[in-house]
Amino acid sequence: MKTYLQQIFQDAAGRLEYLKEAEIIFAPPQTKEHGDLATNAALILSKKAGKKPRDVAAEIISNLNYDQTKISRIEIAGPGFINFFFTTGYLAEVVPDILEREENFGRSDKYAGKKALVEFVSANPTGPLTVGHGRNAVIGDTTAALLSSVGYTVEREYYFNNAGRQMRVLGDSVRHRYLQLLGEKIEYPEGYYQGGYITDIARGLMDKHGEALRNEEPEGIFKSTAESAIFSEIKRSLEKLNIGFDSYFNENSLYEDGSIKQLLDSFKESGLSYEKDGAVWLKLEQMGSPKDPVIVKSTGEPTYRLPDIAYHRNKFNRGYDLIVDIFGSDHQDQYPDVLAGLRALGYDDSKVRVLIYQFVTILEDGKEIKMSTRLANFVELEEITDAVGKDVVRYFFIRRNTNSHMSFDLTLAKRQSDENPVFYIKYAHARICSILRYAAEQNIGLSLENLHLLEHPAEKELLKKLWAYEEEMLQCAENFEPHKITVYIEELAALFHRFFTECRIIGSGAELASARIALITAVRQVIYNTLTLLGLEAPERM
RNA sequence: GCCCCCGUAGCUCAGUGGAUAGAGCGCCGGCCUCCGGAGCCGGGUGCAUAGGUUCGAUUCCUAUCGGGGGUACCA
């Protein structure tokens with residue numbers, strides 16, 4: 001529909017110069033009295049044309065050559081909107097298109113041939129994933145799916161560090177619990193990991209090795225056992241959400257393969273770094289940063305910026321066209337330095353897209369829970385997944401705008417999972433499947449011959465929504481707004497339920513029935529495609 | 001102090017430079033002789049405040065107030 005209007009406007013622009021002066025936008029009006037699509041072109045161009053908006057609108061309309069089998073009426077309304085009404089036959093053309101393309105309907109090849117990397121979760125293996133990580137995981141996985149649906153070849157990557165101070169503390173935490181289990185009266189340091197999983201790991205070691213580890217170093221078997229135990233838990237928690245990765249990137253490898261040293265040399269050679277007070281600083285102030293950050297401490301240890309920049313340099317060198325990072329808002333101030341560092345080295349940082357999501361507030365019994373991994377007062381992601389199921393968790397997290405704060409009511413989630421709108425969508429799918437089964441029993445088939453009979457207002461609304469699918473998904477992808485997928489699908493499901501209430505299918509007469517079967521088959525396909533994009537099941541029965 | 005995000009209905013949150021701002025939950029009332037009632041329909045004093053840009057601002061800009069996060073030679 002939009003493409004067609006764009007065509008006839010382009011044609012008209014050959015006669016009306018001012019039509020080239022602005023981007024003409026077609027949008028569905030709020031009420032159907034205002035047409036199927038409308039444009040404010042005349043309002044915007046009124047000044048350039050030197051005429052009143054309504055006169056401009058009239059002039060535009062008189063210059064449009066359009067096919068009357070597609071457009072039934074064009075009118076000027078309000079201050080100068082141009083409203084377009086399409087013919088039923090034209091609106092219905094989307095149905096055969098959907099039935100032919102099936103799973104591919106809504107996918108685009110706009111970015112075919114481009115490579116994208118999506119890095120997300122990236123939690124260090126110091127404890128189980130929390131609900132907050134869940135938001136990260138679902139945003140990352142869905143964004144990756146979305147990019148893939150518009151043509152990108154997408155890789156999912158998990159970045160972690162098993163070499164830092166946190167990990168040493170983790171190993172020593174396990175050692176302390178182990179010694180306590182052996183009966184030693186040693187105090188457990190306050191800053192150590194308090195979670196019960198530490199004791200579980202220690203107990204596992206005791207069962208296997210008895211007292212033999214009494215004099216082991218914290219960074220040996222204690223740390224390595226903790227790391228692999230926790231990592232396998234993390235992976236299991238993600239698998240339960242059907243989230244997997246193509247690669248795991250270990251920060252440590254950047255030291256081992258010399259990347260860190262090379263990066264330091266690059267900075268030094270290009271005069272981007274300098275030494276002061278025994279530390280190495282990066283000259284970013286000259287690039288607009290608030291101040292020069294330290295990249296190597298006076299102790300000789302690098303700060304997080306150095307490996308972060310090295311990691312991104314590595315990503316660039318792998319040749320991606322798009323590099324997406326999913327971070328929580330606590331990393332807000334971290335990435336500008338990284339991007340500035342890359343820019344200083346001559347990389348095109350416009351290829352990097354950082355998605356910052358705001359924190360999840362957990363409510364239990366109406367009270368807010370403050371989370372901290374070290375203090376172990378967190379709510380585990382897996383606990384929630386086990387309680388309400390993968391699809392509810394995924395839908396819950398993806399439904400909100402990433403830069404909007406959200407709260408998670410644990411009590412509600414555990415008790416009333418059917419209140420989640422995801423059931424509304426799934427019900428629409430199952431309902432259609434049921435109707436189609438029934439229709440088959442009644443020997444009522446699908447036909448594309450009578451689609452012009454779909455002229456009930458509920459049918460037309462449904463058809464228009466189907467037309468909008470591909471463009472809306474493309475916008476979700478290009479604007480990195482995965483939550484808008486749910487806005488679309490909830491609207492589509494609502495339109496279907498309304499249609500179903502108002503229009504009978506079986507019993508509406510053979511010709512109309514066959515057209516309606518075609519329509520709901522198309523709706524089912526689009527719901528299925530959308531649920532698949534979101535990583536959710538599309539049940540045939542509920 | 002400075003930086004980022006947010007402030008929309010009782011609650012959780014969508015949404016748009018336009019013509020009457022929505023959904024879910026909760027509450028009240030309707031709708032199945034008939035394809036799935038996990039549904040549909042009706043019921044609301046709501047865009048934090050003040051300026052500005054614009055033909056038009058809830059949307060963009062500025063300030064103020066309120067909430068969250070950051071502001072290390074932690075990550």
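What's counted below: heavy atoms across the whole structure, side chains too, no hydrogens, waters or symmetry copies. Every chain is numbered from 1 and lettered A, B, ... according to where its sequence line falls, protein lines coming before strand lines.
- The distance from atom CD of A:Q442 to atom C1' of B:C35 is 8 Å, rounded to the nearest whole Å.
- Below the 3.5 angstrom threshold, one finds no donor paired with an acceptor across the side chain of A:R498 and the base of B:C41.
- Closest-nucleotide positions on RNA chain B for A:Q166 and A:K484 were compared, and the one nearer the 5' end corresponds to A:K484.
- No donor-acceptor distance shorter than 3.5 angstrom exists from the side chain of A:D325 to the backbone of A:V354, with no hydrogens or angles considered.
- Side-chain proximity of A:Q332 to the nucleotides B:G69, B:A23, B:A72 is greatest for B:G69.
- Under 3.5 Å, the side chain of A:N83 and the base of B:A19 form at least one donor-acceptor pair of N or O atoms.
- Among the protein residues, A:K291 comes within range of the sugar-phosphate backbone only, with heavy atoms under 4.0 Å from sugar or phosphate atoms but none that close to a base.
- Across the protein-nucleic acid pair, A:Y357 atom OH and B:C5 atom C1' stand 14 Å apart, rounded to whole Å.
- Put simply, OH on A:Y395 is 15 Å from P on B:A23, counting in whole angstrom units.
- With centroids closer than 5.5 Å and planes inclined by less than 30 degrees as the test, A:H34 and the base of B:A19 pass as a stacked pair.
- Counting heavy atoms from C-beta outward, A:K484 and A:E472 have side chains that stay 4.5 Å or more apart.
- When the C1' atom is compared between B:G17 and B:A57, the two are found 7 Å apart, to the nearest whole Å.
- Rounded to a whole Å, the CZ atom of A:R431 is 15 Å from the P atom of B:C32.
- Within the 6.0 Å centre-distance limit, the rings of A:H497 and A:Y427 are counted as a close aromatic pair.
- Whole-Å rounding puts the A:R541 CZ to B:G36 C1' distance at 11 Å.
- Here B:C73 is the nucleotide among B:C73, B:C35, B:G70 with the atom lying nearest to any side-chain atom of A:W281.
- Checked against the 6.0 Å centroid criterion, the rings of A:Y158 and A:F231 qualify as a close aromatic pair.
- For B:G67, its base sits under 3.5 Å from the side chain of A:H405 at one donor and acceptor pair at least.
- By the 30° and 60° cut-offs, the orientation of the rings of A:F397 relative to A:F408 is tilted.
- Residue A:F81 is the one, among A:F81 and A:I435, whose nearest nucleotide of RNA chain B lies closer to the 5' end (criterion: closest heavy atom).
- Base orientation of B:C6: anti (glycosidic angle beyond 90° from 0).
- Among the atoms of the strands shown, none is found under 4.0 Å from any heavy atom of A:A428.
- Residue side chain A:S329 does not reach the base of B:G69 through any donor-acceptor N/O pair under 3.5 Å, judged by distance alone.
- When distances run from any side-chain atom of A:H483 to the nucleotides B:C35, B:A14, B:U20, the shortest one goes to B:A14.
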